[in-house]
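The chain is numbered in sequence order, starting from 1. The model shown is predicted, which means the values in this text are computed figures rather than measured ones.
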Amino acid sequence: MLKIILMLISLVPLGCQLPYLLGAWSGSRLDQFDWIFYLLTVGAAVWAVYREKRGKYDWYALILLIPMVILALVPSLHNINALSVASSVMVIFAVVWLVYAWRFAGRILPVALIMLLGTPSSSYQLSLLLMCPVWAAWGIKFLLALGALVWIWCNKHFDWQIKKGTLFFLAAVLGSCMLLIHTKEIYFEGRSFIPEFPVHVGDYWGRSIQPDENTRRFFATSEVELYRYTKDNVDISVLAVKCGGDIHEIHPASHCLRTSSWVVNSEKILYLQDNFAVTEIDATKGTSRCLVWVWFSCEEFSTPGFLGFRRHFKENGNYYTYQISIPVYDSVEKSREDLRNFVSQLNREKQ
């Protein structure tokens with residue numbers, strides 16, 4: 001009876017994330033298919049534990065359980081919703097390990113991996129890591145789920161058993177790699193920069209452009225503004241979006257470019273000042289090439305990347321995102337300098 005009670009309690013952290021999951025699945029194009037992995041988990045779990053012998057308590061599971069409970073129930077430590085969801089899934093796995101021992105937990109591990117594939121933002125992260133379109137990332141995730149099912153089958157037919165040390169080693173390597181890749185983007189907080197876009201910005205002359213029907217539909221509950229600025233042979237486009245407290249209509253710029261058939265050649269953080277940075281995206285489409293600068297801001301701070309924006313996002317906040325793009329005619333360095341000059345002029349207008 002105690003084991004059943006502990007298993008039911010292990011579902012509480014994930015239950016607390018249910019409103020966020022439902023909102024992500026219904027409101028975000030990036031995450032709209034992730035519910036399938038949760039549905040797949042049910043059948044995979046039944047298959048994985050069928051006729052498996054349950055063991056006694058294994059207190060080594062506390063090594064995993066304690067930090068996962070903290071991450072799941074104290075989101076203020078990281079302010080990353082996706083991390084709260086992933087740690088909630090691992091709480092369930094750790095409790096299975098605790099109450100039924102490692103052999104039984106090893107049978108459940110592929111099931112936990114399938115459920116982790118349903119974590120919001122995982123499709124975007126995979127597409128960013130592999131520099132591929134999000135639809136390709138979805139395909140890779142489903143292939144990984146298929147691999148997990150094959151793993152369950154091999155456990156059944158060949159009596160495979162992963163060692164505890166192997167699991168912790170792989171988790172440490174994966175976690176370290178993710179931190180090394182995204183630490184600056186996630187934790188950087190620059191000065192707030194919410195510019196206005198007047199007709200005259202330094203040497204640049206601009207005009208407001210009426211958003212078309214597709215743009216208004218894409219940003220249905222957000223305020224979207226489009227501008228175009230020119231100076232001599234320099235042509236700069238601006239997309240400014242005020243999303244308020246609704247995060248689901250703000251998508252990574254690289255994702256939007258890929259879904260519009262652009263090929264993203266590079267995506268990196270560019271520090272314009274010690275306290276201000278942007279994400280710079282170099283993209284091509286046929287014979288066309290463009291350079292895009294992106295940042296997210298609120299009244300308190302700015303951050304260059306989507307992950308940092310998701311980490312700092314709070315429902316009662318007021319958030320903006322800006323995308324400033326320029327065609328690359330001569331060289332990336334020349335276009336980068338033109339963007340730097342334009343943003344510098346915007347900064348002077350703001351002051």
Side-chain angles (χ1 to χ4, degrees), residues 128 131 181-209 215 224-242 250-258 260-298 301-309 320-351:
L128 180 61
M131 296 296 291
I181 292 172
H182 294 301
T183 294
K184 286 187 176 181
E185 178 183 352
I186 292 176
Y187 290 99
F188 178 82
E189 289 188 37
R191 63 178 177 84
S192 173
F193 184 32
I194 305 175
E196 297 178 353
F197 298 95
V199 173
H200 188 229
V201 177
D203 299 330
Y204 296 87
W205 291 89
R207 61 186 178 90
S208 175
I209 300 175
T215 302
V224 56
E225 298 175 348
L226 300 173
Y227 302 93
R228 188 169 182 178
Y229 287 87
T230 58
K231 183 191 76 168
D232 299 329
N233 61 341
V234 178
D235 188 359
I236 294 176
S237 299
V238 175
L239 168 65
V241 179
K242 178 181 178 181
I250 301 301
H251 304 285
S254 57
H255 165 64
C256 297
L257 287 168
R258 291 189 184 105
S260 299
S261 300
W262 286 82
V263 176
V264 175
N265 303 315
S266 67
E267 184 173 358
K268 61 184 180 181
I269 304 298
L270 182 65
Y271 292 87
L272 304 183
Q273 300 175 359
D274 290 340
N275 61 350
F276 183 71
V278 298
T279 293
E280 180 183 272
I281 302 171
D282 179 5
T284 54
K285 184 178 182 180
T287 58
S288 300
R289 187 177 185 181
C290 71
L291 204 63
V292 184
W293 282 7
V294 182
W295 75 93
F296 305 86
S297 199
C298 65
F301 61 86
S302 71
T303 182
F306 184 73
L307 285 181
F309 171 56
Y320 303 78
T321 180
Y322 300 95
Q323 297 179 22
I324 300 178
S325 61
I326 185 172
V328 177
Y329 295 126
D330 300 321
S331 66
V332 171
E333 290 74 18
K334 172 64 169 57
S335 298
R336 181 181 294 123
E337 187 58 33
D338 289 334
L339 284 180
R340 191 186 300 272
N341 181 49
F342 178 73
V343 171
S344 177
Q345 297 287 354
L346 272 181
N347 191 32
R348 293 195 185 100
E349 293 288 338
K350 177 67 176 177
Q351 295 174 344

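- Residues Arg191 and Phe301 are not in side-chain contact: their nearest non-hydrogen atoms beyond the backbone lie 4.5 Å or more apart.
- Judged as a ring pair (Phe, Tyr, Trp, His ring centres under 6.0 Å), and not counting sequence neighbours, the contacts of Tyr229 are Phe342.
- Atom CZ of Phe197 sits about 15.5 Å away from atom CZ of Arg207, to the nearest 0.5 Å.
- Rounded to the nearest 0.5 Å, atoms CD (Glu196) and CG (Leu346) are 10.0 Å apart.
- Partners of Glu337 by side-chain hydrogen bond (donor to acceptor under 3.5 Å, both in side chains), not counting sequence neighbours: none found.
- To the nearest 0.5 Å, atoms CG (Asn265) and CD1 (Ile281) are separated by 11.0 Å.
- With sequence neighbours excluded, the residues satisfying side-chain contact (heavy atoms from CB on, under 4.5 Å) with Thr230 are Asp235.
- Ser297 pairs by the side-chain contact (heavy atoms from CB on, under 4.5 Å) definition with Ser192, Ile194, Trp295, Ser302, not counting sequence neighbours.
- Taking CD of Glu280 as the reference point, atom OG of Ser266 lies at 6.5 Å (rounded to 0.5 Å).
- In this structure, the side chains of Arg336 and Leu270 come closer than 4.5 Å at one or more pairs of heavy atoms.
- In this structure, CG on Leu239 lies 8.5 Å from OG on Ser325, to the nearest 0.5 angstrom.
- Among all heavy-atom pairs drawn from Pro195 and Tyr322, the shortest one is CD-CZ, 3.6 Å.
- Put simply, the side chain of Thr279 reaches to within 4.5 Å of the side chain of Ile269, judged on heavy atoms.
- No donor-acceptor pair closer than 3.5 Å links the side chain of Thr284 to the backbone N or O of Arg289.
- The shortest distance between side-chain heavy atoms of Val278 and Ile324 does not fall below 4.5 Å.
- Taking each heavy atom of Tyr271 and Ala277 in turn, the nearest pair found is CD2-CB, 3.7 Å.
- Evaluation of the side-chain contact (heavy atoms from CB on, under 4.5 Å) rule for Asp338 yields Val234, Ile326, Lys334 as partners, not counting sequence neighbours.
- Although no hydrogens or angles enter the test, the distance criterion places a donor-acceptor pair under 3.5 Å between the side chain of Ser335 and the main chain of Pro327.
- Here the straight-line distance linking atom CG of Asn341 with atom NZ of Lys231 works out to 4.5 Å at 0.5 Å rounding.
- Applying the side-chain contact (heavy atoms from CB on, under 4.5 Å) criterion to Ser288, with sequence neighbours excluded, gives Trp262.
- Across every non-hydrogen atom of Leu272 and Arg340, the tightest pair is CD2-NH1, 3.7 Å.
- Nearest approach of Val332 to Val328, heavy atoms of both residues: N-CG1, 3.9 Å.
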